[in-house]
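Numbering starts at 1 and runs along the sequence shown. Heavy-atom basis, side chains included; hydrogens, waters and symmetry copies ignored.
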Amino acid sequence: MRKFLCLMLSGCLAVFALRAADLNVTPSPDGTMEAFTRDNDLWVRSVADSTETRLTFDGSALILNGYASWVYYEEIFGRASRYKAFWWSPDSQRLGFYRFDNSAVPMFPIYSPFGQDGTLNQTRYPKAGEANPSVRIGIIEARAGAEPVWADFDDSPEQYFGTPFWGADSRELYVSREPRRQSVLDLYAVSVADGSKRQVYHEEYPDAWVDWIEGMIFTEKGLYMARNFESGWEQIYFLGYDGTLKRLTDGENWGIRLLKVDEKKGDVWFTAKRDSRLHTTFYRLDRKGRVTALTDPELNVSGAYISEDGKTFTAAASTARKPWVMVSGRTDKYTMKIDSTLVEVPEAYPEPQVVKIENEGFDLYGLMSLPAGFDPSKKYPVQMQLYGGPGTAYVRDSWQDRDASDAWCWENGVIYIVVDPRSSGENGRRGMDQAFRRMTVIELQDYIAWAKWLQALPYVDGSRIGVKGFSFGGTTTAMLVLRFPQYFRCGIAGGGVYDWHLYDTHYTERFMDTPQANPEGYAEASVMTWVPSVFEGDGPKPLPNALCLTHGTGDDNVHFQNTLQLIDALQKAGYQFETRIYPDGMHGYRGKQHLHDAAAEEIFWTKWLLDDRGAVPPDPLRR
């Protein structure tokens with residue numbers, strides 16, 4: 001008998017061990033149930049007695065119920081979603097969920113070298129021009145025997161759906177849709193009763209792309225949102241659930257974040273870059289359309305908090321030269337005061353200064369740090385940090401921002417500067433739209449303008465400008481070092497996309513259209529396109545080993561394939577270069593890989609920017 005019980009227990013433990021994990025366990029609003037996915041099906045569990053109910057039954061390696069396909073996880077829901085693709089209704093009675101069919105999506109293998117035989121991680125990853133997952137949107141009651149109500153959309157893979165949200169009464173699920181071209185956005189209210197839909201909002205931006213609606217504030221009659229389709233800048237709108245639309249602001253706003261609405265008074269509080277292209281400021285918008293700054297636009301605000309009674313606020317504020325302080329004031333007019341200093345100021349530190357140049361009618365911004373003991377009569381090398389992706393600013397004027405300064409440069413006599421191109425957002429839609437169908441092309445002219453500006457400074461050694469960037473910045477760095485060595489002596493390109501055919505559909509096609517529709521644009525934007533002409537032509541050529549390529553082999557975002565193909569092209573061209581490969585490294589190196597990368601960068605910059613100028617030898621253990 002004892003042996004029988006032991007066998008039974010062992011069997012139960014084995015079954016439990018083999019059972020798939022419960023993913024994204026999410027409590028219902030009333031706290032009585034939990035929803036989760038298991039083996040790509042959607043389940044609910046009673047909190048009171050742990051009774052489990054399976055709601056969908058066709059989950060498989062290809063069919064994912066409530067669990068996102070990779071491109072949705074990366075580009076639409078975001079990595080913070082952890083692949084979650086289901087949403088509780090406010091009344092806790094139903095779940096909205098996305099059903100993904102990955103059958104037509106190509107499989108991309110990522111090899112891990114560890115273990116005797118290594119392993120393959122296979123992901124359904126659609127690259128530019130390839131098939132996307134098809135999606136159905138379901139609404140299902142959280143009870144046994146419930147059947148899903150399917151939203152009245154076709155399941156064509158030539159479209160995308162944004163993150164949905166529920167109406168306050170739980171009768172409708174609001175779903176935004178874009179065609180694959182991503183120049184049109186429609187918002188629909190889907191009935192929980194029969195899946196029928198009614199259009200609530202329509203937006204078009206035929207000259208480039210539209211962004212998803214995010215950061216809304218919901219009220220009884222509608223929602224407040226920020227959009228950038230109309231004036232060339234972001235504006236605040238009120239969208240009624242009946243489809244009525246009213247614009248509430250004017251002016252050059254960017255990076256709007258809605259914080260609070262007083263429906264009775266008609267006031268809206270938000271942060272935005274409005275009076276400054278670099279500084280986020282806290283504002284009040286009244287019912288007459290008047291916008292009042294509640295914090296000093298000379299400071300960069302973060303984490304604004306409005307009191308429960310709505311009468312006062314607190315926020316953190318700084319610049320790259322002024323440490324973080326806590327500020328407070330009233331929410332109806334400017335009364336800001338500094339309450340306390342949040343960080344201790346070191347005795348000596350880099351002090352990045354805002355610099356601005358103009359190129360082809362666009363304002364370009366940067367943050368430049370002069371080294372310790374700066375002597376204007378001397379000549380200094382420069383390290384330039386950049387990114388370049390549309391709508392992604394790297395010039396962030398706040399205290400000790402990751403990219404605003406560099407301690408090694410400051411200690412070793414190197415000028416450090418982080419710069420943005422016209423398309424990063426400081427020039428509104430006019431600047432961003434320049435990148436459409438020509439991504440990593442037009443931005444290069446702005447970085448060259450920065451290099452020329454630096455070369456004209458009396459204290460800059462114009463022959464020693466190095467450049468570095470990661471991800472999109474790696475793409476840009478490789479372009480600059482290979483094609484324009486007369487301006488950029490050397491560079492470190494990390495985790496870059498070197499042929500846009502090799503990156504995912506949603507991101508790449510938003511800015512480039514499909515390869516089938518824009519073959520010339522893809523060719524022009526590919527680093528590998530330029531490799532033969534660089535080394536076969538008569539123009540300037542990069543010095544041997546002046547380009548360093550780094551990549552993590554486990555990168556599931558920008559695949560190691562990119563760097564391997566560029567390596568192949570450079571080898572065939574006869575060019576010598578440096579490479580740092582991080583086994584199983586992801587899109588950004590961590591732990592000891594990060595320490596190795598940082599120490600190796602110091603060695604590289606010492607060699608290429610300082611030579612015999614007395615740099616402190618890098619200590620790999622110092623970090």
Q: Assess the residue pair Arg396 and Asp403 against the criterion (salt bridge (Lys or Arg N to Asp or Glu O under 4.0 Å)); give the C-alpha distance rounded to whole Å, side-chain angles, the decisive distance to 0.1 Å, and a yes or no.
A: CA-CA 8 Å; Arg396 299 179 291 266; Asp403 298 304; 2.5 Å; yes
Q: Compute the ring centroids of Tyr349 and Trp399, then answer whether they are less than 6.0 Å apart.
A: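 When the ring centroids of Tyr349 and Trp399 are compared, they turn out to be within the sub-6.0 Å range.
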Q: Please lay out, stage by stage, how Arg437 and Glu520 fare under the test salt bridge (Lys or Arg N to Asp or Glu O under 4.0 Å).
A: CA-CA 9 Å; Arg437 294 172 66 90; Glu520 297 85 2; 5.5 Å; no
Q: Within this structure, what is the CG-CD1 distance for the pair Asp406 and Ile415, rounded to the nearest 0.5 Å?
A: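 Rounded to the nearest 0.5 Å, the CG-CD1 separation comes out at 13.0 Å.
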Q: Rounded to the nearest 0.5 Å, what separates atom CG in Asp446 from atom CD in Glu358?
A: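 Rounded to the nearest 0.5 Å, the CG-CD separation comes to 9.5 Å.
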Q: Are any side-chain N or O atoms of Arg429 and backbone N or O atoms of Asn228, one a donor and one an acceptor, separated by less than 3.5 Å?
A: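 No: the side chain of Arg429 does not pair with the backbone of Asn228.
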Q: Between Tyr83 and Tyr72 (judged by ring centroids, cut-off 6.0 Å), do the two rings come close enough to count as a pair?
A: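 Not close enough - the centres of the two rings lie 6.0 Å or further apart.
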Q: If every non-hydrogen atom of Tyr487 is compared with every non-hydrogen atom of Ala451, which pair is closest and at what distance?
A: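 Closest approach of Tyr487 to Ala451: CB-CB, 3.8 Å.
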Q: I'd like to know if the side chain of Gln576 reaches the main chain of Asn545, judged simply by a donor and an acceptor atom lying under 3.5 Å from each other, with no hydrogens or angles considered.
A: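 Not at all, since once roles are kept as given, no pair shorter than 3.5 Å links the two residues.
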Q: Are the side chain of Glu509 and the backbone N or O of Gly129 linked by a donor-acceptor pair below 3.5 Å?
A: yes
Q: Sort out for me which residue in His596, His551, His594, His587 forms a ring-ring contact (aromatic ring centres under 6.0 Å, His included) with Tyr582.
A: His596
Q: Between Arg321 and Asp397, does any side-chain N to carboxylate O distance fall below 4.0 Å?
A: yes
Q: Write down the atom of Val345, the atom of Pro323, and the distance for their closest heavy-atom approach.
A: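 It is CG2-CG, 3.3 Å.
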Q: Does Tyr380 use its side chain to pair, donor to acceptor, with the backbone of Asp375 at less than 3.5 Å?
A: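 Here the side-chain-to-backbone pair exists.
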Q: Looking at Ser533 and Trp530, would you say the former's side chain and the latter's main chain have a donor-acceptor pair under 3.5 Å?
A: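 Yes, the answer is positive, given that a donor and an acceptor are paired below the 3.5 Å cut-off.
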Q: Could you check whether Glu443 pairs with Arg422 (Lys NZ or Arg NE/NH1/NH2 to Asp/Glu carboxylate O, under 4.0 Å)?
A: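 Arg422 and Glu443: not salt-bridged.
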Q: Between Asp597 and Arg580, is there a salt bridge with N-O shorter than 4.0 Å?
A: yes
Q: Would Arg464 and Asp611 count as a salt bridge (Lys or Arg N to Asp or Glu O under 4.0 Å) if you check the C-alpha gap in whole Å, the side-chain angles of each, and the deciding distance to 0.1 Å?
A: CA-CA 10 Å; Arg464 294 176 184 269; Asp611 297 323; 2.4 Å; yes
Q: Which is it for Asn300 and Thr319 under the side-chain hydrogen bond (donor to acceptor under 3.5 Å, both in side chains) test, yes or no, and what are the steps along the way?
A: CA-CA 6 Å; Asn300 205 356; Thr319 68; over 6 Å; no
Q: More than 12 non-hydrogen atoms from neighbouring residues, nucleotides or ligands closer than 6.0 Å to CD on Gln122, yes or no?
A: yes
Q: Strictly distance-based, threshold 3.5 Å: is any side-chain N or O of Gln385 a donor or acceptor partner for the main-chain N or O of Val418?
A: no
Q: Counting C-beta onward and ignoring hydrogens, is there a side-chain heavy-atom pair between Leu566 and Val531 closer than 4.5 Å?
A: yes
Q: Look up atom CH2 in Trp500 and atom OG1 in Thr508, then write down how far apart they are to the nearest 0.5 Å.
A: 5.5 Å
Q: Given 3.5 Å as the limit, does a donor-acceptor pair link the side chain of Ser471 with the main chain of Gly473, or not?
A: no
Q: Do Trp605 and Gln383 have side chains that get closer than 4.5 Å, going by heavy atoms?
A: yes
Q: What's the separation between atom NE2 in His559 and atom OG1 in Thr553, rounded to the nearest 0.5 Å?
A: 11.5 Å
Q: In terms of ring plane angle, is the pair Trp70 and Tyr73 parallel, tilted or perpendicular, where the classes change at 30° and 60°?
A: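 Trp70 vs Tyr73 ring planes: perpendicular.
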Q: Test salt bridge (Lys or Arg N to Asp or Glu O under 4.0 Å) on Arg277 and Asp420 and set out the steps.
A: CA-CA 12 Å; Arg277 294 276 62 86; Asp420 279 335; over 6 Å; no
Q: Tell me whether the rings of Trp209 and Phe436 are parallel (<30°), tilted (30 to 60°) or perpendicular (>60°).
A: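 Ring orientation of Trp209 relative to Phe436: tilted.
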Q: Hey, does Lys84 have a side-chain heavy atom less than 4.5 Å from the side chain of Phe77?
A: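 The answer is no, as the side chains (C-beta and beyond) never meet within the 4.5 Å cut-off.
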Q: When you look at CZ of Arg430, are more than 12 heavy atoms from neighbouring residues, nucleotides or ligands closer to it than 6.0 Å?
A: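 Yes, because the 6.0 Å sphere around CZ of Arg430 holds more than 12 heavy atoms from other groups.
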Q: For Lys356, is the NZ atom crowded, meaning more than 12 foreign heavy atoms sit under 6.0 Å from it?
A: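 For Lys356, atom NZ is not crowded (no more than 12 foreign heavy atoms under 6.0 Å).
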Q: Between Arg489 and Ile465 (side chain of the first, backbone of the second, donor and acceptor by atom type, cut-off under 3.5 Å), is there such a pair?
A: no
Q: Closer than 3.5 angstrom, by distance alone: can the side chain of Ser423 be matched with the main-chain N or O of Met432 as a donor-acceptor pair?
A: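 No.
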Q: Nearest 0.5 Å, what's the CG-NZ distance between Leu457 and Lys452?
A: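 So the CG of Leu457 and the NZ of Lys452 are separated by 14.5 Å.
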Q: How far apart are the C-alpha atoms of Tyr589 and Thr550, what are their side-chain angles, what is the distance that settles it, and do they pass the side-chain hydrogen bond (donor to acceptor under 3.5 Å, both in side chains) test?
A: CA-CA 10 Å; Tyr589 315 130; Thr550 81; 2.7 Å; yes
Q: Above 12 or not: heavy atoms from other molecules or residues under 6.0 Å from NZ of Lys322?
A: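 No, because the 6.0 Å sphere around NZ of Lys322 holds 12 heavy atoms or fewer from other groups.
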Q: Given Val355, which partner from the list Val419, Ile417, Leu454 fulfils the side chain to side chain contact (heavy atoms under 4.5 Å, CB included) test?
A: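 Among Val419, Ile417, Leu454, the one that satisfies the side chain to side chain contact (heavy atoms under 4.5 Å, CB included) with Val355 is Ile417.
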Q: If we ignore hydrogens and angles and just use 3.5 Å, is the side chain of Thr341 paired with the main-chain N or O of Val343 as donor and acceptor?
A: no
Q: Test Asp499 against His501 for side-chain hydrogen bond (donor to acceptor under 3.5 Å, both in side chains), laying out the working first.
A: CA-CA 5 Å; Asp499 180 343; His501 291 85; 2.8 Å; yes
Q: Mind checking the CD-OG spacing from Gln486 to Ser463? Nearest 0.5 Å is all I need.
A: 13.0 Å
Q: Stepwise, does the side-chain hydrogen bond (donor to acceptor under 3.5 Å, both in side chains) test hold for Asp584 with Ser112?
A: CA-CA 6 Å; Asp584 277 5; Ser112 172; 2.9 Å; yes
Q: Using a strict threshold of under 4.0 Å (side-chain N to carboxylate O), is an ion pair present between Asp556 and Arg79?
A: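 Salt bridge between Arg79 and Asp556, a charged N being under 4.0 Å from a carboxylate O: yes.
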Q: Checking Lys127 against Phe108: charged group under 6.0 Å from the ring centre and within 45 degrees of the axis?
A: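 Flagged: Lys127 positioned over aromatic ring of Phe108.
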Q: Hey, are Lys273 and Glu426 close enough for a salt bridge, meaning a charged N less than 4.0 Å from a carboxylate O?
A: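 A salt bridge is absent here (no side-chain N lies under 4.0 Å from a carboxylate O).
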Q: Identify the two heavy atoms, one from Phe604 and one from Gly491, that lie closest to each other, and give their separation to 0.1 Å.
A: CZ-O, 3.6 Å
